[in-house]
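Below: the structure, in structure tokens.
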Amino acid sequence: MFAQPSPLASRLATLSNQAKTRTVEEINEKIRKGDAQVLTAEEMKRLVESSGVEVAFKEIDVVTTGTFGAMCSSGAIVNLGHSDPPIKIDHAWINDVEVCHPGAAVDLFIGATNMSEKQPYEYGGGHIISELVAGEEVELRATAYGTDCYPRTSIKTQITKDDLNQFYLLNFRNCYQRYNCAVNSSDEIIYTYMSKLLPRIRNATFSGAGELNPLMNDPDYETMGMGTRIFLGGGKGYIIGEGTQHSPKNLNGTLMVKGDAKKMDPEFLQGAAFTKYGTSMYLGLGVPIPILNLGIAKKVAIRDSEIFTNVVDYSVPRRDRPNFGKVSYKELKSGSINVNDKKVRVSSLSSLKMAKKVCQTLKKWIDEGQFYLTAPVERLPTDTVFKPMRQTEEIPFVMSVMHPAITCTENEPIRAIAERIVTKSVNHILVVDDGGKLLGIVTSWDITRAMAEGKKALADIESRNVFTAKPDEPLEIASKRMAQHNISALPVIDIERKVLGIITSEDVSRLLGR
Amino acid sequence: MARILIRFNEEQVSEPIASQIIIEYKVPMAILSAHVNSKGGEILAEIPDSMQEQVVKAFRDRGVEVTVPKLIEVDSNKCFSCGTCIALCPVEAINFDEEGTVQFNKERCVGSTCSICVDACPARAIKSVKNGAKKS
């Protein structure tokens with residue numbers, strides 16, 4: 001039209017060439033017209049690898065991210081409506097799971113980890129929420145102290161989600177950006193929230209979707225924050241802020257979310273049980289990331305090989321557990337990792353299959369014009385820290401009561417050991433090798449039995465399967481171990497099984513006053 | 001190969017019954033798992049198909065209980081394919097298929113004598129089957 005572009009048109013053209021940005025409004029307009037270009041996180045990464053990030057940015061408007069895993073810090077707020085006569089609930093149970101009454105009269109919070117009084121560890125709040133979402137009927141029992149305005153003191157009734165005024169998922173910590181990989185270096189199986197960990201690092205577990213995780217794809221939280229509409233439990237939900245324990249500087253961001261549970265789908269919200277730990281809830285959560293600029297396109301290209309986490313020893317019952325170095329999510333998803341130069345098989349606790357399904361479902365919703373994006377009202381903080389608890393009372397550790405152990409070697413005659421028990425006035429003698437490493441334990445009772453049965457050799461009476469303690473273990477845990485195995489002392493050893501000392505049940509009762 | 005689950009009671013466990021049968025019938029027997037103490041126990045063994053009938057009969061003639069074991073039952077409606085069970089399995093009988101769905105290989109699974117995966121399943125989708133009765 002113009003032989004010579006006007007200065008204004010030329011400036012506009014330059015701007016639009018450089019218009020390396022798009023807005024949420026523009027994307028929503030495209031969704032409305034049915035021509036928004038949406039890819040799942042998995043597809044986007046492939047596109048960036050094959051065609052480069054510039055092309056991917058130019059072509060793609062939205063990338064859907066998602067995760068599906070155990071999210072213990074989840075729960076649902078329900079409002080029951082008033083009974084006649086009215087009750088101001090004091091204690092309440094749903095299907096024998098005690099639930100919390102955080103408000104005035106008939107509001108309840110069903111925490112995912114609240115356990116059934118009849119089937120503890122097997123059935124809990126997560127199962128109730130899932131059953132309610134599925135439309136099943138649950139039994140409510142409640143008691144109250146009775147007031148002039150709320151005279152009723154007990155109630156028992158059956159309810160479904162349709163009977164509830166509000167039934168909202170209200171999760172104060174979801175969607176951990178990444179999580180530890182767990183192992184157990186002790187000699188016994190331990191059951192944790194990271195599931196069953198076999199002794200001597202014979203397996204490992206991890207959690208999280210790695211490169212599919214919403215926060216990992218937007219690590220500076222440029223596109224998400226309060227008000228971001230998300231996929232939650234198979235329905236729509238919203239981010240309402242950062243989750244508790246949000247720790248962005250360590251790439252351990254979390255989300256606080258809410259969503260209408262009446263419209264959710266039980267496939268994406270399932271009760272779970274962790275043996276000897278308790279109950280939880282598996283939840284699907286997905287966030288659409290608008291590709292607003294080239295920088296965001298680059299960030300969503302992140303791969304599992306670039307996301308690392310620590311291999312943490314869960315056998316150490318302390319806040320700061322030792323770790324065996326870093327592994328990538330690529331290694332974790334391969335099924336085996338190296339720990340101390342040994343190949344260890346590793347399992348995922350979260351479901352990658354379901355995480356992909358979250359991404360695909362969210363993509364479908366946007367493609368079909370059922371889901372529009374929102375710009376956050378306020379972004380997630382990027383500078384908060386997760387502090388440890390302030391403790392104003394000290395607790396005792398094994399090292400605070402342990403004392404030197406009386407030892408013997410394997411070739412000593414029983415008589416010499418008996419004499420030592422008398423002169424040192426102790427009940428336990430530890431059998432050690434030349435390097436001071438623990439081999440066994442002999443008690444005064446073993447010696448008495450040897451005399452009665454005429455046994456001469458130490459090997460015939462010593463116990464070789466010895467329960468032990470570590471110096472930095474809380475005394476209470478060591479004390480429980482003694483009670484559990486009905487023994488009266490624990491040798492204290494270091495990581496190489498070298499004897500550091502001994503604690504006895506008398507030491508414990510003196511200190512803990514039992 | 002056929003799998004048999006041999007169950008000894010307190011009296012039988014001190015007798016060398018399995019050895020006698022192996023020698024007498026010249027049966028190659030692979031022990032897949034064994035949980036035996038002075039109170040009795042179970043051995044899961046693999047023997048050639050062709051010898052299954054006579055070997056089972058030989059054990060039963062000596063009063064020993066033999067069953068062809070049922071293995072693990074998986075409720076695919078409950079399983080959400082997290083895969084927690086996979087690295088626990090000592091015989092690598094569990095894995096992901098191409099779609100990321102957890103699959104149990106019943107040929108490899110040593111069944112109820114192992115059961116290591118059962119209490120690790122967060123969905124409680126795995127059941128160990130013993131004597132035809134379910135043990136969760």
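First the proteins, then the strands, lettered A, B, ... as listed; each starts at 1.
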Taking the side chain as every heavy atom from C-beta outward, state whether [X] and [Y] have any pair of such atoms under 4.5 Å apart.
X      : Y     : answer
A:R345 : B:L88 : no
A:V346 : B:I86 : no
A:K353 : B:D97 : no
A:Q270 : B:K78 : no

Let me know if [X] has heavy atoms under 4.5 Å from chain B in its side chain, its backbone, both or neither.
X      : value
A:Y191 : side chain
A:Y123 : neither
A:S350 : backbone
A:E122 : side chain

At their closest point, which heavy atom of [X] faces which heavy atom of [Y], and how far apart are they?
X      : Y      : answer
A:S351 : B:S81  : OG-O, 3.2 Å
B:A120 : A:S195 : O-OG, 3.6 Å
A:S347 : B:G83  : OG-O, 3.2 Å

Inset, instruction - For A:K196 and B:C85, indicate whether the former's side chain and the latter's backbone hold a donor-acceptor pair under 3.5 Å. - result: no
Heavy atoms of other groups near [X] [atom1], more than 12 under 6.0 Å:
X      : atom1 : answer
B:E53  : CD    : no
A:F308 : CZ    : yes
A:K330 : NZ    : no
A:K342 : NZ    : yes

Legend entry - B:F80 and A:Y282 aromatic ring geometry - parallel, tilted or perpendicular at 30°/60° bounds: tilted
Inset, instruction - Could you please spell out the steps behind the side-chain contact (heavy atoms from CB on, under 4.5 Å) verdict for B:C82 and A:L349? - result: CA-CA 5 Å; B:C82 59; A:L349 298 179; 5.6 Å; no
